[in-house]
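In what follows, chains are A, B, ... by sequence order, proteins preceding strands, each numbered from 1. Just so it is clear, the values below take in all heavy atoms, side chains as well, and ignore hydrogens, waters and symmetry mates. Given the structure is predicted, the values throughout are model-derived calculations rather than measurements.
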There are 2 protein chains.
Amino acid sequence: MTSIKEIAKLAEVSVGTASFVLNGKGDQMRISEATQRRVIEVAKSLGYRPNISARRLRSGGEKVVPVLAVLWTLDTRASLVSRFLNGIQDHFINQTREFELLIQPYESSKIDKIKSLITGTRFNGAIIANASERDQHYLENAEINVPIVLYHRNSKKYSTVSIDNYKNGMMVADLFANRGHQQIGMVIPNVSSQAVHLRKEGFLDGARSSNIQVSPKHIIFENYSEEGGYQAAKKLVENGNLPSALFFLGDQMAIGALAAFHEMGVSVPQDIEIMGHDNYGQTRFSIPSLSTVHLPVEDMAARCVDLMLDLIEHKVKAPVSTIYDTSIVIRKSCGDFLDKNESSKGD
Amino acid sequence: MTSIKEIAKLAEVSVGTASFVLNGKGDQMRISEATQRRVIEVAKSLGYRPNISARRLRSGGEKVVPVLAVLWTLDTRASLVSRFLNGIQDHFINQTREFELLIQPYESSKIDKIKSLITGTRFNGAIIANASERDQHYLENAEINVPIVLYHRNSKKYSTVSIDNYKNGMMVADLFANRGHQQIGMVIPNVSSQAVHLRKEGFLDGARSSNIQVSPKHIIFENYSEEGGYQAAKKLVENGNLPSALFFLGDQMAIGALAAFHEMGVSVPQDIEIMGHDNYGQTRFSIPSLSTVHLPVEDMAARCVDLMLDLIEHKVKAPVSTIYDTSIVIRKSCGDFLDKNESSKGD
DNA sequence: CTGAAAGCGCTAACAG
DNA sequence: CTGTTAGCGCTTTCAG
């Protein structure tokens, strides 16, 4: 890295002068135009870029606020980051504690590449989202140097903010059972995720205990996207012998499936009932509107930040785990069954 | 801020010792357990938090990469950030130049609150998105100290990455004209935005030059969200006298409108044709699928980063402006008119 | 008009 | 086992 010293040397001025010129205070300090030009020329030719750590350290007058990193994966789930950010942002406004947000993208299963988790040279704390099973394994064993909050995961070692995914899966299976379904299916995003895994197990166990069939043919793995859902639905229809109810482990996939069913002349909910998971904004406006499991992302995000700040300020001893309650949101894609039972638990 | 010095003084050890303990190197350095406990105790009680600027400056061995801030508004458009990030991330992978991403949320029209634009103590460059007209005014006049790239805006002073919004509006009006529409309308998000403004003007001018009516009754301002679009559609239907084609200046709004029309028994595209703007992921899967103007967000985002890095490295002289081409994506909500004309310009 | 030097908070090498 | 100290890159005060 070129430093201001080298600039000064090459331009044959002192570092002080170079600093003034580079910060646009040349005129104010009445540095001769020739000198200024010389300094700027040298800086440009060397590709000088100020070291903001140094600058910040020096000018530290402006209160130093904690730096909070959100580690988010680069995969399709990237589109979910906005809801998370929204949660943080809303909170951010009604919040006196200041902090700085750093979004650190990482490649799924390669969180070990983020060296600053060890060195602690970039942030005061990290909120980790979408950790794969391999990432979790790494985290459990590594010598991490900054406080960590895991979003939507369980852990003995770290603080977490999560929901009971197993219960959620079960809830949906129970619901299908109560609606009298005999053949039900599930569409699963092909990502490595503890949350998805638990949801799946819960659903299968729930079906089992209600004596409902979940034929292997009716369990589809696909990409975590609208397109993935679209393909899943197509596959199911083409296989023939549709289940009468389908649980999508992500709303986006359900949205894609609605389009596919529509195209292929399969009516929702008459021919097949559909349940999503997450309760994303658009699901209220799909046709038909999508029944789904409400995931309180915004609240969870806010909680992650609060917890993180507490951790950073040593106000709390790690690990703390917060489990959020979820609820089923009933819309048109899964019929109106409130009169039949009270399965909608939680809030 | 509590510094390591104070900790050391209170714990009656030297800063060196305190540093070792606080970094978990106590055992390695064979610091007595009692001392370690004492140091940690003091640090906790003082709410000690390491100054990462200092830490980073010191341990600067790990190559210093430029810090690139993305300033994004806190309003509803927050949900668009994911697509932008995706663009950056995809690029990020196939890119040798390293950088660090900092997402800095700001409140629309209050960009002047971001002091680091002036002090330059947090990032080496800023990509500013969603600048309101007031924000732009501020930027044009302020003494900004870091390189800036404006996303989706025009400017004489700064580098920009944008599209020709005026032309886009016009393109859609022409298209409606070619399809033989006589009464057309427009739904506008109520945000202060140069881009939205230009799109609107283009559309109106286009309609005028084709002698088509855009009755004031058919221009609706609503929130930039699915809900806003839903309300807009409802308003229009309730007013009676629907236009035969509607341009939504944002896809999300169009998605909401589709739901409203469906509920109220208005068929799309038979009773009314609909055109969105942006080409978001879900639009391919709406029912009917949404015709829309493709906004190359991902490419633009990548370009913003490239341009920014060039600017930071002085490889390029500001201001540089890049205009991206757009194209109309034809789907079911606006009928299949390719046989009738060739209005789909650009790529 | 320009140079010298202090010092921001921290780490790590060196000296006990 | 612990203390002392140099120095990371930068800004800014003070002296010329």
Mind running side-chain hydrogen bond (donor to acceptor under 3.5 Å, both in side chains) on B/Gln194 and B/Asn165 for me, showing each step along the way? CA-CA 9 Å; B/Gln194 191 190 49; B/Asn165 280 290; over 6 Å; no

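- Within 6.0 Å of the NZ atom in B/Lys5, the count of heavy atoms belonging to other residues, nucleotides or ligands does not exceed 12.
- The backbone N or O of B/Ala129 lies less than 3.5 Å from no partner atom in the side chain of B/Arg153, so there is not a single donor-acceptor pair.
- Summarising the geometry, atom OG1 belonging to B/Thr73 is positioned 11.5 Å from atom CD1 belonging to B/Ile128; distances are rounded to the nearest 0.5 Å.
- Rounded to an integer number of Å, the gap from CZ of A/Arg56 to C1' of D/dC8 is 17 Å.
- Taking B/Thr17 as the reference, B/Ser14 meet the side-chain hydrogen bond (donor to acceptor under 3.5 Å, both in side chains) condition, with sequence neighbours excluded.
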I need a per-nucleotide contact map over nucleotides 1-11 of chain C, read 5' to 3'. Cutoff is protein heavy atoms under 4.0 Å; write B for the base, S for backbone only, - otherwise. SBB-BBBBBBB

